[in-house]
Amino acid sequence: MYYLQLVINGIIAGSMYALFAVGLTMVYGVFRFINFAHGELIALGAYSALFFTSPPLSLPLIWATAPAVACTVCVGLLQDRLVFQPLCHGTRMTLLIASIGLSYLLRNAIQFGFGSDLLSYNVDLAAGYEWGPIIVTRMQLSMLITAVVFLTFLYWLFTRTMLGKALRAVADNMELAGIMGIPLGRVNRTVWILAATFAAVGGILLAMDTSLEPMMGVINLLKAFAAVLLGGPGNVWGALIGGIAIGVAENLSVAVLSPGYKDFIAFAVILVMLLFRPGGIFSFQKGMR
Amino acid sequence: MDYLLHIAISTLIYAIFAMSLNLELGYAGLYNFGHIAFFGIGAYTSALMAVGGLPIPLGITSAMALAGLIGAGLAFTVLRLTGDYFGIATLAFGEMMRLLFLNERWLTKGPMGIPGIPRPTLLGGMPADLLQYLMFTVACTILVFLILHRLETSPFGRALKVVREDEFVAQAFGKNLLSLKMRCIVVGSVIAGLAGALWAHYMTYISPNDFTLQGTIIVLLCVVLGGKGSPSGPLLGTCVVVLLQESLRFLPIPTDFGRHVAPLQGMVFGLMLVLLMLRRPQGLIAELHGGRGA
Amino acid sequence: MMGSLKKLLGLAIVLAALPVWAQDAVEVGSITPLSGKLAVYGEGFQRAMNLALEEVNAAGGIQGKPLKIIFEDNGSTSQGSVSAIQKLITVHKVPIIFGPAASSNFLAICPIAQQNKVVLIGAESAAADISQCGSYVFRVFPSDILQGRGGAELAKELGYRKVVLTYINNDWGVGLAEAFKDSFTESGGEIIDEFPHEEGKSDYRSEILRIKQSNAPAVVNLTYIKEGAAMLKQAFEMKVKTQWIMGSASKSPKLVEIAGEAAEGIIGTYPTFSQDTPQYQHFKTAWEKAYPESKIGVFAEYNYDMVNLTAKALNLAVESTPEALREALMEAGKGYQGVTGDKTFDENGDVGAVYGKWTVTDGKIVDYRK
């Protein structure tokens, strides 16, 4: 039972990693670079929600979510417009370094504005739901439900809408998609909007669960990287499974290893995956699915 | 006076470190985001040996050897990866090394760090003072600079640059890519190990906090700012970065504003990286010959 | 804004006036975190030191000369601390330096002070290792060894013979955990499970599960505010019924604010001193008079004692050699009753301490009473 509970904790932690990883992998799928500044979108979502819930606006958290997500999306689009678009014809490394710089800039801007102290939303506590020996807390349940809802929406978007099809076509081959008359600008913007929304929602949930601090994005971004690589870059469903696999692996490790090595697992997964299955577990597939 | 010496020493040590990254990043196009690990390996090896009572020159040599050995191991495993995959793999490696430093308390004393690392002694048996240590560091810097300069113009260096520009062309010319890159990483790691050892003996205290991702970002800035692909680029880049850092000390900052200084500095560094990529990706000193793809 | 402007103006006037008598002042140095992550505290330290300084100078200074503190910022890093101490020793040539907060920063500069024979005094650093730094290193703040012992006594007093020990994986947590373990097992206690937890994480559920699995009646959790709050919250949600025993670093209204109901009933130790003494009353009135708009800062009392004790030592010293100053400081500490109690130094330059117990009742931190 102890192990089952660890697995469940892992799945829920992993669904959060998946929320972050999906955005990361979409950006990679379309623009072919790893966006280090994605972590700051997570933190930004959480911090802007805090801004809207505190005076002078003092909105209830549920209402603050929408403007917070909107703010994060704006920053995501600005990132694209001011930095990544002008650089899109440069090398992938130029983009990568620019995103590292951007991440550093945004993280310090958050610290400048809000201080490095930890902050919280003051969410009410509630004891968890029990099913026999298994306990799942209310926050955990909300995380799981949110992740499922968002990922299902994404599935619908990808398979049932023209926009989704266009997105996949662009991920497959941007030039060809352009020739075929797919509006590239619109597709690019959609990718950023989706990535930023997922990051912001995940960030707010994470902050509700514990607290806010400027480093919160970076810490989770590294796990998201691992998930992306595990699932295969550009592969949205792979990211989901990758996220869950990493969550389960690191939580199970607590039973045997010193918890000081919890993060070690994620990094080990990154290394091993890159070495043996650089295309991810589903390497037979190509492009964005 | 000693304050200036202190700045000079730290700048030079960082410059050596930046030059070693430049060898991998600038010459061969290998984006090693875990390079700080070799700095750390060098620092810990030399520090532990010196604290254990072994002679310091032996410690520094072992530090370089061990860093090179682990570098070879890393190169052997991750070299088949290219571009950003290589970057992520090395990033993971760097963080794993930091976690080892943090958690293997029997060896590294974990988060407590290692205090009281001795300075090298001179012939008279006195520990080197700052000026003497500076001389020592200057000598090391010049040596590293000359070696790298020599490498740049050697067939090895030219071959590396061809690899950076176009792997297929390099292969077509009969170059063994793997061996070239491997040698490049080993040399880079050895030099980073040297920088780490110098750092440990200079600071006399190290802890896992000194070897975080932040260190990688700062040194990356040094290399990219100065101009990658030329040995003098990182030197200049490091000077500018350290100067920016230290000049903040002399600004008349009101005490109430004190806690905002560090994030402001971080914002400036981040912005610099972004602007550099946008406006001048080749850095302050552009490479003289050989056109760049970007 | 006006306040800080005035302060700035005041500072400028003081600075302008300095050269007139600076040659005749007795200078000591201070390495203070005025920027970086500890800057929030650094300001308070500085205020407390300045308060004591004013009183010392009003009472005649050091053998007729005024005392002066040269403040150096360390950016809250060990590298910055090394920079700062080097500047203080070589540029300002001060014989006594007040060390920085955070044990890792303090430990980084200990060997430099010892080597250069400069007296180094700490007012916030608790790591046990500092005791071994050497003969020139003192502190007016109690060592972790004492708090470890205090925690072990508390656990036994509450009737727990078997506990789970978990600690934050940084210099403070590891040092304190070692001290607790030694003391607790020595007196016959048993530690069923022991593990560190990473700093700065948000999900500790699996760690808590490991605690739950061990069925321990009590958990000794030596951690910081954020980590402590997250763990308490998640343990509450997972219905872990155990007695939490915490250390001094979690004693903060912030922890109670974040953890809410989950913090109710936790018990912890902290170094304390009586607030009924005339010394404390004097300090309190003086602080309120000098800084009406700000509350008494964290560890302000220790910083205040440190400066007063240093002034006493400087007055006692027959000559200004390092050895004489060191002896004078030992002498000055003997039986000295400061705001924070008895400051008699032992052979390691450490002071004793009284440990209080705190608990959380109705969302407030109060003293624990049976």
Side-chain angles (χ1 to χ4, degrees), chain B residues 1-7 9-10 13-14 51 99 101-103 105 108-119 126-127 129-131 199 202-210 212 214-215 218 242 245-246 248-266, chain C residues 1 3-5 7-8 11-12 33-40 42-43 46-47 71-73 75-84 86-91 103-112 114-115 127-130 132-134 168-175 178 196 198-199:
Chain B
M1 180 61 194
D2 279 34
Y3 176 62
L4 289 179
L5 288 179
H6 163 73
I7 292 178
I9 295 172
S10 11
I13 295 176
Y14 249 83
V51 169
L99 286 171
F101 296 148
L102 188 66
N103 285 294
R105 286 216 294 274
T108 63
K109 292 182 85 187
M112 306 303 289
I114 302 172
I117 303 164
R119 286 263 172 85
M126 284 288 288
D129 64 20
L130 285 184
L131 190 62
W199 176 258
Y202 172 59
M203 292 299 286
T204 69
Y205 172 85
I206 51 171
S207 79
N209 282 340
D210 302 339
T212 56
Q214 182 122 342
I218 299 285
V242 173
Q245 250 170 345
E246 289 293 330
L248 280 172
R249 255 180 200 282
F250 295 94
L251 288 180
I253 294 160
T255 41
D256 298 347
F257 195 69
R259 68 197 173 90
H260 290 307
V261 172
L264 206 58
Q265 184 183 322
Chain C
M1 200 55 220
S4 58
L5 210 69
K7 256 182 265 166
L8 216 68
L11 192 76
L34 296 174
S35 69
K37 64 177 178 181
L38 297 173
V40 211
E43 221 178 300
Q46 204 178 18
R47 283 197 182 126
F71 288 100
E72 272 303 319
D73 179 22
S76 310
T77 63
S78 49
Q79 194 189 343
S81 306
V82 172
S83 278
Q86 240 128 26
K87 192 171 169 208
L88 284 171
I89 291 176
T90 57
V91 179
S103 297
S104 54
N105 294 349
F106 197 93
L107 280 167
I109 63 164
C110 274
I112 304 176
Q114 183 67 21
Q115 219 167 42
D129 275 5
I130 293 176
Q132 269 81 56
C133 271
I168 190 163
N169 204 358
N170 67 18
D171 50 350
W172 181 82
V174 171
E178 296 285 331
E198 278 304 286
E199 210 171 339

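Order of the sequence lines sets the chain letters (A, B, ...), proteins ahead of strands, with each chain counted from 1. The model shown is predicted, which means the values in this text are computed figures rather than measured ones.
- Heavy atoms of Glu198(C) lying under 4.5 Å from chain B belong exclusively to its side chain.
- If you measure heavy-atom distances from Ala108(C) to chain B, the contacts under 4.5 Å come from both the backbone and the side chain.
- Heavy atoms closer than 4.5 Å to chain B are found in the side chain of Ile112(C), but not in its backbone.
- Using a 4.5 Å heavy-atom threshold, the side chains of Asp210(B) and Ser78(C) count as touching.
- Heavy-atom distances place no part of Ile206(B) under 4.5 Å from chain C, backbone and side chain included.
- Proximity to chain B involves both the backbone and the side chain of Asn169(C), based on heavy atoms less than 4.5 angstrom apart.
- Gln86(C) pairs with exactly one of Val82(C), Leu88(C), Ile89(C) by the side chain to side chain contact (heavy atoms under 4.5 Å, CB included) rule, that one being Val82(C).
- Only the side chain of Glu178(C) comes within contact range of chain B, judged by heavy atoms closer than 4.5 Å.
- Per-residue counts of heavy-atom pairs under 4.5 Å with chain B were compared for Cys133(C), Pro111(C), Ser104(C); the largest is that of Ser104(C).
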After noting the C-alpha distance and the side-chain angles of Trp199(B) and Ser10(B), does the key distance pass the side chain to side chain contact (heavy atoms under 4.5 Å, CB included) rule? CA-CA 8 Å; Trp199(B) 176 258; Ser10(B) 11; 4.3 Å; yes
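- The side-chain heavy atoms of Cys110(C) and Gln132(C), taken from C-beta on, include no pair separated by under 4.5 Å.
- Listed by chain and number, the residues in a ring-ring contact (aromatic ring centres under 6.0 Å, His included) with Phe101(B) are Tyr44(B), Phe211(B) (sequence neighbours excluded).
- In terms of heavy-atom proximity, Leu107(C) sits nearest to Tyr205(B) at CB-CE1, 4.0 Å.
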